[in-house]
Amino acid sequence: MSMENPGVGEQLGTRNKTRAGLTPETKGKGILFQRKKLAVKELPQLPAEDKDLEEGGERLQEGGKTFSQLLEETSKGPRFQEGEVVEGTIVKTSKDFVTVDIGYKSEGQINSQEFLDSKGELALNPGEHVLVYIERVEDDEGRLVLSKEKADVLRAWDEISEACEKDELVEGTVVAKVKGGLSVDIGVKAFLPGSQIDIRPTKNLDQYLGKTYKFKIIKFNKKRGNIVLSRRLLMMEERARMKEQTLSQITEGMVVEGTIKNLTEYGAFIDLGGLDGLLHITDMSWGRIKHPSELFKVGDKIKVKVLKYDEEKERVSLGYKQLLPDPWNTVHERYTIGIRVKGHIVSLTDYGAFVELEPGVEGLVHVSEMSWTQRVKHPSKLVNEGDVVEAIVLDIDTANRRISMGMKQIEPNPWDIIAEKYPAGTRLKGVVKNTTDFGIFVGVPEGVDGLIHVSDLSWDAKPVDPNTLFKKGDEVDCVVLSIDKAAEKFSLGIKQLSNDPWQSTADKYPVGTRLKGKVTKLADFGAFVEIEPGVEGLLHASELEGEGKPKDRLKDMKEGQELECMVTAIDMKERKFSLSVRALTRAEERENIRQYSQQQSQSSRATLGDLLAEKLKGSSEATPDSGDDNK
């Protein structure tokens, strides 16, 4: 984009070609011009009748000079041309015009607006010298037409041209916002592109309006009135010089002063003098802050400590809190285990709430330490950020900068109460608070929930679904099975309210007992037989009488059929009774054999006895005779 002054360069440039008689007179205050002596044509000869005037010129004197002398001086005086810049003297000032004498036969008047300063005041006095531009030697009314503004423009263009040739800087004031950048007054209007305003892109151009800066000319076209400036190049050159100086001095551990250039969510960039360092948000304060803007703003000058310097990558990590006392160094003086503390919640996580006890010192209340009775899934169910809470210090780890706290410890432990009030075996009533696949939670008046596991709902070996048997709000009778205060577990049972049918059945039908039962269910591997109401035993197919494969022996069986079998095994832990028909048959066979053997044995013992009795009887009768003979 270019910034052109239509007409000025072309018009004044063309007229400037006639300024052969102008040479620089001064520097610094601008470029002034001096008139060179111009060639003057011969004056016409006086008529003869006027010769006496020339000869008697001594009679007509002005300031000690004769008229002829004055006329000769006038003829040899300066000739003024349109388009040149000359020096004039202020004769008179008024509200509307300033009268200037340039040594011409008449004086020129210039609009007072051209002489107003930055405050809008006309700060001129008669007798002061000023450069003016001759627009017309004589207008239609014979008046001398002068302009100060055009003289200033020509002077400015000359100065700018010279500065451009010598690669010098120019100074100007930002006067307006234009498309793509800013308009700058450096004597003439110049264009400052948005990309050349600062090292970093800037969106707020209003902050530059009315301010004066130095610029470098990067494009100059006098003919088209086009001047393009850059402030960025100057800043980069200055920054490079400062960076080199900073890098030669910086070391880890030193304290330096810098200016905050930019703030982000994760920290602040500090200008250390041509080199940017990062002050991370975690190194700003020993306490917790959400955004750097809570402590700093852009433009602040702060002292920071160099924490790390990577010479190869030219990266500098800075710290601000490291210049402040660390509260954790003396935390043991203010906090001990068991004391009651108060603080406000600064953060919530899935596992607990962080409580700020003082700036830089936080403690964690774990979710398990929030309530004795409630099963807190997330801290937000009980507390919110910003809440002020009380807690008891449970543990202090200064090495890892951790303080563990508990909120529930503020209240008496209800587990101590229920352990004393409800010993194992106590019967009580409770309300169902929740149902799950693995059991139901029952609340007691003390605010503690006890668990009735699915296995403690019924003696029935068949699986049950708690969700179908109970619903929230149901009142149930149960018995306390156990209380674990350390683990905060309260175990209850419903089936324990009645005797275990499996145990009574096992007592009634020990292994080897013959019983009669009803088939309740058939399966590929056997049949389930009801022994007592609610107690079933398995009769495996291999334990049936018959030929062929075991599963073929089930073909003739039906549900509801009664049969006799024998208990072959009992597993109380697994709640299993094993039954067998073959075992019963073998037992019957053994019993028949035993009875038969017993009968045979009894028959054999009676015949032999009789023989012996008879023999003994005969022997007793013959004994006297034998005795007599012996005698």
Side-chain angles (χ1 to χ4, degrees), residues 438 453-465 469 479 481 493-615:
F438 56 85
H453 194 268
V454 62
S455 61
D456 292 312
L457 291 175
S458 171
W459 292 113
D460 195 342
K462 296 179 180 180
V464 295
D465 182 7
L469 296 177
V479 63
L481 302 182
I494 290 179
K495 71 180 186 181
Q496 288 79 5
L497 294 172
S498 60
N499 293 328
D500 184 358
W502 287 83
Q503 185 62 53
S504 58
T505 302
D507 294 339
K508 184 177 180 180
Y509 302 102
V511 175
T513 303
R514 176 175 181 169
L515 58 83
K516 183 179 291 185
K518 184 184 296 183
V519 177
T520 58
K521 184 179 179 181
L522 293 173
D524 292 339
F525 51 85
F528 289 94
V529 179
E530 183 181 56
I531 303 173
E532 290 286 337
V535 179
E536 293 180 347
L538 174 62
L539 174 60
H540 199 274
S542 60
E543 297 299 324
L544 291 171
E545 291 289 350
E547 301 294 334
K549 296 180 180 181
K551 64 179 182 178
D552 294 336
R553 304 171 189 172
L554 296 170
K555 293 181 180 180
D556 296 332
M557 297 190 68
K558 295 180 180 180
E559 292 184 5
Q561 175 183 343
E562 289 190 354
L563 52 79
E564 284 187 318
C565 55
M566 177 178 287
V567 177
T568 57
I570 299 174
D571 187 342
M572 290 300 298
K573 185 176 180 180
E574 296 294 330
R575 302 277 170 169
K576 291 181 179 179
F577 274 76
S578 297
L579 306 176
S580 175
V581 173
R582 296 183 62 186
L584 176 61
T585 303
R586 288 194 296 271
E588 289 178 345
E589 291 177 352
R590 288 195 298 271
E591 178 63 21
N592 292 334
I593 293 173
R594 185 186 66 76
Q595 291 180 0
Y596 177 76
S597 299
Q598 184 178 8
Q599 292 175 357
Q600 292 296 321
S601 175
Q602 291 176 353
S603 174
S604 298
R605 287 198 301 271
T607 303
L608 181 60
D610 293 340
L611 293 174
L612 290 174
E614 291 179 0
K615 188 174 181 179

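Scope of the values below: all heavy atoms of this structure, side chains included, with no hydrogens, waters or symmetry mates.
Taking the side chain as every heavy atom from C-beta outward, L563 and K518 never approach each other to under 4.5 Å. No side-chain heavy atom of W502 sits less than 4.5 Å from a side-chain heavy atom of E532.
The closest donor-acceptor contact from the side chain of R553 to the backbone of L544 lies under 3.5 Å. A donor-acceptor contact shorter than 3.5 Å is absent between the side chain of Q595 and the backbone of N592.
In plain terms, the two heavy atoms of K558 and L522 that are nearest each other are CA-CD1, 4.1 Å. Looking at every heavy atom in both residues, Q496 comes nearest to V479 through CB-CG1, 3.4 Å. Between K495 and S458, the shortest heavy-atom distance links the atoms CD-O, 3.4 Å. Contact detail for D456 and L481: the closest heavy-atom pair is OD2-CD1, 3.6 Å.
Checking Q503 against D507 by side-chain atom types alone, a donor-acceptor pair falls below 3.5 Å. For the residue pair E545 / T585, a side-chain donor-acceptor distance below 3.5 Å is found, with atom types taken as modelled. Side-chain atoms of T520 and E536 form a donor-acceptor pair, as typed in the model, at a separation below 3.5 Å.
Under 4.0 Å is where a charged nitrogen must lie from a carboxylate oxygen, and between R586 and E589 no such pair does.
The line from CZ of F577 to CG of L539 is 14.5 Å long, rounded to the nearest 0.5 Å. Here L579 contributes atom CG and M566 contributes atom CE; the two are 11.0 Å apart, rounded to the nearest 0.5 Å. The distance from the SG atom of C565 to the CD1 atom of I531 is 7.0 Å, given to the nearest 0.5 Å. How far OG1 of T505 is from CZ of R575: 9.5 Å, rounded to the nearest 0.5 Å. Expressed to the nearest 0.5 Å, how far NZ of K549 lies from NZ of K555 amounts to 9.5 Å.
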**OP:** Could you check E562 against K516 for salt bridge (Lys or Arg N to Asp or Glu O under 4.0 Å), going step by step and ending with a plain yes or no?
**Re:** CA-CA 7 Å; E562 289 190 354; K516 183 179 291 185; 5.2 Å; no
